[in-house]
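Worksheet: one structure, shown below.
Numbers restart at 1 for each chain; the letters A, B, ... are given by sequence-line order, proteins then strands.
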Amino acid sequence: MNILSVRNLSLSFDGKRILDDLSIDFWRGHIHAVIGPNGAGKSTLASAIMGLEGYTTYDGDILYNDESLRGMPVFERARRGITLAWQEPARFEGLSVPRFITAGSACKDLSYVRELLEALGLDPDRYVNRSVDRTLSGGERKRIELASILAMEPRLILMDEPDSGIDVEALQYIFKGLRRLKDQGVTVIMITHSMSVLAQADHAFLICQGKLQEQGCVNKVGKYFVDKCFVCDHVNQPLAAEIKA
Amino acid sequence: MSTKDIVAELLASVGMDSEHGFGSDVARIEIHENHVVGLKLVPGLHMDVEETDEGINGILRLAAGVQLEKPVHICFGVLPETGRQHINLDIRIEEEARASFLAHCTFPNALNVRHTMDATIVVEPGARYAYFERHVHGASGGVSVIPRTQVTVHEDAEFTTEFELIKGRAGKIDFLYEAVCHARSVVEMTTRINGREDDSIIIGEKALLEGADARAALISHIALRDRAQAEIYSDLVATGDRSRGHVDCKEIVLDAAAARAVPTVEVRNPSAHITHEAAIGSVDSRQLQTLLSRGLDEDEATDLIIEGLLSKKARWTRDSLTSV
């Protein structure tokens, strides 16, 4: 049932605790949202799950298909099916769009690249001869990054702020891509503080100062977020009574 | 070995075929060591060559108004393990003429080879000159490539040069391009080199934007591994009204390699503008982490990032030389 289990995860930077004894179970094949105010530890959680540099020293554990990820390098996690879509995708000057998209894919065919671009609302003829560089807008790079993720056929995708820096039209194609992934049985964890992104999820977790505040269906967590977090004057200093785990 | 065989071997070393590869409308110049082993000209393109004890003296002219559709193919090379090649070249692209040059410099077996060149290039008003130079070196690094080029780009003229050395060992590279840019002229110099082991690379690219509305871009992208060393000197001086320039210097440095970039940008006219960007260091962490998260290991990811840094499609490929 669970593809990923975060167990009593604590992670600190410079003596400041960013994740604080956090435990969350992510069900397989669902779209999850991790929501919370800025600085709540959402992106840190995604980085720790991916095993990015600087996020590998923690207490507790992260289990993927019941296997501990502790000490496992990023590329090994990726080869097991975990990947990350960045809030702001990297630029790769000179690297062609097809080479980038197929970097982690067994299939390197241009026809496959064209199909993926088309599925994400990008005209292949306009992109297959371009580089993943500054000439692409933020929305284009987000969609090309998602194409590269689709190409690697992952089992678990961490999406950090999928709506960051993109227009409404591009966001709809991102959501379309997410639904395609879900249809394929892929688990998606979206990191967000956006209600429109939250609405795409099946299930949500609200964290504040690295602690779990609320979880459940999207409506319930969204209401909690709007009612309590929007007006909260102690952001990232949650009241003890509100902490779930 | 016959002259024909030498030409065939030179071309084979760069992946080309002397018998079938070229269209009849393609001009060709092949020089092995200090001997001209192949020369085919087309209407409007003139070349005088002289072989001396010191090397080759060549004078190349493209007549005014002549616009060559196909690039001129040049092949310089030294096939034995040791040898010397020195070329003095005087190139003039006359008014409103246009030509592109696809040059292969091949030293596939070099253990102790020295290739030097002194060139002057004049691009007359309204003319266009574009030169793409791909080096094919062997695995030993026993080659020294030392070209010196003085370029004058007249009014409304364009000068483009690309130097590419990606496969094989660079050996010792020490080149200098200096360009004077007159009114409304355009100059672009690009260098892409992959250095490894104890390769030594010195690059000098200089442009003086003397004329009004002159433009220049000096671009160097270099990847270094092992103990390779590089020094990049990019000098851009703007004195012309509204002249514009850009220096782009990117080096990836791995292992015990070292790079030193010395950009000099100087503006002596308040209406002129020069920009500069430089980045030297290991591979970009975000790029690396992105590719790791796609399942590439660190070496694979680094290779792909370097491939991107060093890749830029040449305007002409060998296919552009073949018959239709």
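Taking every heavy atom of both residues into account, B:Gly295 and A:Ala78 meet most closely at N-CB, 3.3 Å. The shortest non-hydrogen separation linking B:Leu304 to A:Arg99 is CD1-NH2, 3.2 Å.
Between A:Phe92 and B:Ile305, some side-chain heavy-atom pair lies under the 4.5 Å cut-off. Contact of the A:Trp86 side chain with the B:Gln289 side chain is registered, since non-hydrogen atoms from C-beta on lie closer than 4.5 Å. Using a 4.5 Å heavy-atom cutoff, the side chains of A:Val132 and B:Gln287 are not in contact.
Counted within 6.0 Å of CZ on B:Arg196, heavy atoms from surrounding residues, nucleotides or ligands total more than 12; the atom is thus considered enclosed. Within 6.0 Å of NZ in A:Lys108 there are more than 12 heavy atoms belonging to other residues, nucleotides or ligands. Within a 6.0 Å sphere centred on CD of B:Glu298, heavy atoms belonging to other residues, nucleotides or ligands number 12 at most. Environment of CZ in A:Arg126: sparse, with no more than 12 heavy atoms of neighbouring residues, nucleotides or ligands closer than 6.0 Å. In the displayed structure, A:Gln172 atom CD is contacted under 6.0 Å by more than 12 heavy atoms of other residues, nucleotides or ligands.
Checking side-chain atoms of B:Arg294 against main-chain N and O of A:Leu84 turns up a donor-acceptor pair under 3.5 Å. A distance-only check finds a donor-acceptor pair linking the side chain of B:Arg286 to the backbone of A:Glu88 [under 3.5 Å].
For chain B, the option among A:Pro154, A:Ser131, A:Gly104 with the highest count of heavy-atom pairs below 4.5 Å is A:Gly104. Per-residue heavy-atom pair counts under 4.5 Å with chain B were compared for A:Glu93, A:Met50, A:Glu145, A:Met152, and the maximum is reached by A:Glu93. With chain A as partner, the option from B:Asp284, B:Leu291, B:Leu288 having the largest number of non-hydrogen pairs under 4.5 angstrom is B:Leu291.
Looking at A:Ile82, only its backbone comes within 4.5 Å of chain B, counting heavy atoms on both sides. For a residue to count as touching a neighbouring chain, one of its non-hydrogen atoms must lie under 4.5 Å from one of that chain's; by this rule A:Arg91 touches chain B with the backbone only.
A:Thr83 OG1 to B:Leu292 CG: the interatomic distance, rounded to the nearest 0.5 Å, is 10.5 Å.
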